A.B. asks: 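Got a structure here, written out as structure tokens. Questions coming.
We name chains A, B, ... by the order of the sequence lines, and we start the count at 1 in each one. For clarity, every value in this text was computed on a predicted model and none was experimentally measured.
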Protein chains: 2
Amino acid sequence: MTVTLADVAARARVSPATVSRVLNGNYPVAASTRERVLRAVDDLDYVLNGPASSLAAATSDLVGILVNDIADPFFGIMAGAAQTQIGGPGDGSGRAGGEKLAVICNTGGSPERELTYLTLLQRQRAAAVVLTGGAVENPAHQAAMAAKLAKLADAGTRIVFCGRPPLPESDALVAALAFDNRGGGRRLTEHLISLGHRRIGYVAGPRERTTTRHRLEGHREALRAAGLDVLPAGGGPAAGSGEQAADDPLVVHGPYDRRSGYESTLELLRRAPDVTAIVAANDTVALGACAAVRDQGMRIPQDISVAGFDDLPFSVDAVPALTTVRLPLVEAGARAGRLAMGKENPPPGGIATIAAELMIRGSTAAPRG
Amino acid sequence: MTVTLADVAARARVSPATVSRVLNGNYPVAASTRERVLRAVDDLDYVLNGPASSLAAATSDLVGILVNDIADPFFGIMAGAAQTQIGGPGDGSGRAGGEKLAVICNTGGSPERELTYLTLLQRQRAAAVVLTGGAVENPAHQAAMAAKLAKLADAGTRIVFCGRPPLPESDALVAALAFDNRGGGRRLTEHLISLGHRRIGYVAGPRERTTTRHRLEGHREALRAAGLDVLPAGGGPAAGSGEQAADDPLVVHGPYDRRSGYESTLELLRRAPDVTAIVAANDTVALGACAAVRDQGMRIPQDISVAGFDDLPFSVDAVPALTTVRLPLVEAGARAGRLAMGKENPPPGGIATIAAELMIRGSTAAPRG
DNA sequence: ACAGCCGTAGCAAGCGCTTTCTATCGGAGA
DNA sequence: TCTCCGATAGAAAGCGCTTGCTACGGCTGT
């Protein structure tokens with residue numbers, strides 16, 4: 001039925017061991033023998049049995065890429081870029097040799113699924129795992145993740161974080177590429193402030209996510225520096241619940257999607273009709289925010305400015321083009337892929353912060369009057 | 001070092017066979033024994049060795065999803081939907097049992113990579129493969145694909161096409177879900193014609209792709225029915241190269257991306273400044289087309305109408321909202337996932353055509369005058 | 001009371017490959 | 001010419017799991 005190594009060996013008149021060595025190329029084999037084996041492989045249309053190979057060698061050629069939402073281009077772009085560094089035949093030769101199978105796993109932002117995928121990957125003895133996007137800031141989950149990742153690392157799986165801050169306890173990981181969400185958020189709001197905005201609404205992402213928190217912290221830093229913070233860090237008039245921004249009337253939380261952007265914006269406009277600018281958690285949310293603003297009969301940016309985050313491809317095509325913070329997703333994804341493959345050395349200290357660049361476009365302008 | 005089945009067996013004081021049967025749950029095991037085994041599994045934090053298991057059982061729990069471009073939400077949405085039917089723990093129990101590992105493979109639209117991924121998946125003895133998106137219409141490649149798929153099917157891998165027409169020779173596949181690209185394209189152009197447009201430009205996708213051809217064929221059907229076809233089917237004034245639309249000055253081909261939409265539109269406008277409407281290969285291309293139209297100082301839809309295809313989430317947020325053809329990507333992806341899991345019966349005849357719905361929005365209007 | 005069964009558990013034979021160790025061959029050095 | 005060594009190839013022992021078949025009780029039926 002299926003062709004095995006032994007069949008190839010028989011046809012090439014060598015031992016199975018030799019065929020294996022030809023295929024793996026890590027042991028001297030005479031050129032003539034190699035040729036004979038290769039021909040036999042072609043003749044028989046032999047395809048290596050991955051599980052058998054992985055079992056014997058105790059490693060596999062699987063690399064997992066975990067994403068929160070594959071329907072979101074933010075993740076699609078990073079994952080695609082990572083995959084180009086991992087899966088590619090590259091050499092153009094039809095032979096499927098050497099490359100790994102990069103697999104994208106969609107967690108849907110669910111901690112359980114994240115853990116489940118990690119287990120599945122552990123089962124497969126994955127060669128590496130790339131974790132993208134923000135993490136959930138739940139202590140129990142973080143501990144579970146740290147434990148799971150430690151186990152994976154023990155088993156020889158390389159771990160790479162991409163666009164995600166490293167876990168506090170993690171020392172087993174190869175590398176972490178973290179986006180400067182805080183700095184980007186700060187510069188974005190500084191830009192708005194410099195335009196003259198004083199009442200700035202913020203449509204934030206879901207609570208308990210690092211990305212959400214960091215961007216919001218950057219925003220508040222800028223506000224505070226300008227003396228505009230509604231809830232002073234030092235426990236202002238509101239209940240002194242520390243850094244907790246939950247009570248800020250100018251901040252509304254919701255998922256990272258268009259619909260949430262729309263609805264949260266409506267809510268924000270209801271709460272504070274005097275805002276002159278709205279910062280969205282990301283570009284997708286910003287699109288929803290724009291729609292809401294327009295549906296309320298206001299113009300962008302004349303009546304109200306709107307800004308996003310990420311600079312996804314469609315942002316430049318929005319009308320007016322969206323002011324946002326550009327994150328080098330392709331570069332980061334590709335680098336993560338290379339790190340996962342061990343093709344590149346991890347950054348010093350294991351962590352690299354990736355700069356975010358402010359992109360000023362038409363959706364922000366000075367407030368009226 | 002690593003915990004094996006035998007370790008669990010020893011701790012539970014049963015044979016490895018029994019542990020295996022408890023874990024696979026396809027053989028009667030006394031409740032008390034099962035409990036003991038399960039506790040041992042938990043105690044030892046045992047994780048099944050996937051390769052070993054796949055080797056012994058001659059099957060794996062991998063399901064491959066091939067996409068052309070994961071950075072494109074069109075594919076991201078379908079893949080994500082498929083994955084929800086495949087990978088999900090669903091039951092909420094932490095135990096990773098029963099579910100498969102859905103892996104998304106990004107071919108980048110390259111035939112070679114497509115084949116390579118199929119080989120990789122074949123290596124892993126994948127349980128199923130879902131192929132999404134249009135196929136390349138190259139005879140050699142199609143033959144290679146058919147051969148490869150036949151081999152996969154022989155090995156017990158289920159094959160599902162999603163948003164992709166079945167290969168002519170394929171009989172081994174489980175099911176094909178094809179979008180009605182032709183019908184959608186036809187209705188879209190009919191809509192434009194009914195508005196009064198007579199000179200309609202078409203920014204098409206890459207040649208040699210089924211999706212491109214079908215959408216364009218629908219467009220030409222509508223034109224022909226209205227007596228507007230530039231190159232009559234029956235071999236008009238142009239060289240009688242059959243259905244070949246290559247010579248139509250109102251059609252420009254390019255990749256399915258925003259940039260191509262922009263540039264092709266500029267080219268189109270140069271060639272035929274009198275067009276009053278532009279149909280784009282898909283929504284992403286349409287966005288580029290809109291930008292180009294605007295940069296030429298024209299307004300949408302007053303000066304020129306623009307239409308897309310797919311109805312991706314951002315299309316409704318374009319300004320003006322994009323008239324397009326809605327493809328039920330989530331439903332199709334989910335169904336493909338179910339078919340891959342064998343949770344759903346294949347459609348009669350193995351092929352189901354999925355309807356495309358015309359979405360009329362603000363980007364199309366009657367031509368001036 | 002005994003044969004025959006059903007319900008469980010164990011034995012052991014692989015699944016197809018990798019890899020260590022050993023064998024062989026053909027020179028090169030003495 | 002004989003010995004020793006480098007370069008290759010083969011033999012064989014697993015890797016950890018699944019599963020067909022066998023074994024063993026305790027029950028039921030007569």
A.B. asks: Would you say A:Thr18's side chain and A:Val14's backbone share a donor-acceptor pair under 3.5 angstrom?
C.D. replies: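 No; zero donor-acceptor contacts below 3.5 Å.
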
A.B. asks: Might you point out which heavy atoms bring B:Thr2 and B:Asp7 nearest each other, and give the distance in Å?
C.D. replies: O-OD2, 3.7 Å

A.B. asks: Applying salt bridge (Lys or Arg N to Asp or Glu O under 4.0 Å), which residue pairs with at least one partner in residues 127-152 of chain B are found, sequence neighbours left out?
C.D. replies: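 Listed by first then second residue: A:Asp45-B:Lys151, B:Glu137-B:Arg213.
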
A.B. asks: Just how far, in rounded Å, is C1' of C:dT8 from CD of B:Glu35?
C.D. replies: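 So the CD-C1' distance, B:Glu35 to C:dT8, works out to 17 Å.
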
A.B. asks: Want to settle it: does B:Pro28 or A:Ala6 sit nearer the 5' end of DNA chain C, counting the closest nucleotide to each?
C.D. replies: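 Its nucleotide being nearer the 5' end, the pick is B:Pro28.
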
A.B. asks: Taking atom P of C:dC15 as reference, at what distance in whole Å does atom CZ of B:Arg123 sit?
C.D. replies: 21 Å

A.B. asks: What is the distance, rounded to the nearest whole Å, between atom CZ of A:Arg13 and atom C1' of D:dT8?
C.D. replies: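 So the two atoms are 17 Å apart, to the nearest Å.
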
A.B. asks: Counting the atoms with a prime plus P, OP1 and OP2 as sugar-phosphate, which does A:Val19 contact under 4.0 Å by heavy atoms, base, sugar-phosphate, or nothing?
C.D. replies: nothing

A.B. asks: Let me know the distance between CG of A:Asn49 and C1' of C:dG16, rounded to the nearest Å.
C.D. replies: 6 Å

A.B. asks: Give every donor-acceptor pair under 3.5 Å between a side-chain atom in residues 21-29 of chain A and any protein atom, sequence neighbours left out.
C.D. replies:
unit_1, atom_1, unit_2, atom_2, d
A:Asn24, ND2, A:Ser20, O, 2.8
A:Asn24, ND2, A:Ser20, OG, 3.3

A.B. asks: Which residue pairs pass the salt bridge (Lys or Arg N to Asp or Glu O under 4.0 Å) test with at least one member in residues 334-346 of chain A, sequence neighbours excluded?
C.D. replies: A:Arg335-A:Glu344, A:Arg338-A:Glu344

A.B. asks: Using whole Å, what does the distance between atom P of nucleotide D:dG16 and atom CD of A:Gln122 come to?
C.D. replies: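 Going from CD in A:Gln122 over to P in D:dG16 covers 14 Å.
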
A.B. asks: Has A:Ser15 got a side-chain N or O lying under 4.0 Å from the OP1 or OP2 atom of D:dA11?
C.D. replies: no

A.B. asks: Just how far, in rounded Å, is C1' of D:dG16 from CG of B:Leu23?
C.D. replies: 13 Å

A.B. asks: Please list, pair by pair, any protein nitrogen or oxygen found under 3.5 Å from a nitrogen or oxygen in nucleotides 19-24 of chain D.
C.D. replies:
unit_1, atom_1, unit_2, atom_2, d
D:dG20, O6, B:Arg21, NH1, 3.1

A.B. asks: Could you work out, with side chain to side chain donor-acceptor pair (under 3.5 Å) as the rule, every residue matching A:Arg158, not counting sequence neighbours?
C.D. replies: none

A.B. asks: 5'-most contact on DNA chain C: B:Ala30 or B:Ala52, nearest heavy atom basis?
C.D. replies: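 Looking at the nearest nucleotide for each, B:Ala30 comes out on the 5' side.
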
A.B. asks: The side chain of B:Leu48 is closest to which nucleotide in this list: D:dG10, C:dA9, D:dT18?
C.D. replies: D:dT18

A.B. asks: Rounding to an integer number of Å, can you tell me how far A:Asp7 CG sits from C:dC15 C1'?
C.D. replies: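 A:Asp7 atom CG is separated from C:dC15 atom C1' by 14 Å.
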
A.B. asks: Applying a 4.0 Å non-hydrogen cut-off, can you work out what A:Thr33 is touching in the nucleic acid: base, sugar-phosphate, or nothing?
C.D. replies: sugar-phosphate

A.B. asks: Can you name the residues that form a salt bridge (charged side-chain N to carboxylate O under 4.0 Å, His left out) with B:Arg34, not counting sequence neighbours?
C.D. replies: none

A.B. asks: Using whole Å, report how far CG of B:Leu44 lies from C1' of D:dG16.
C.D. replies: 15 Å

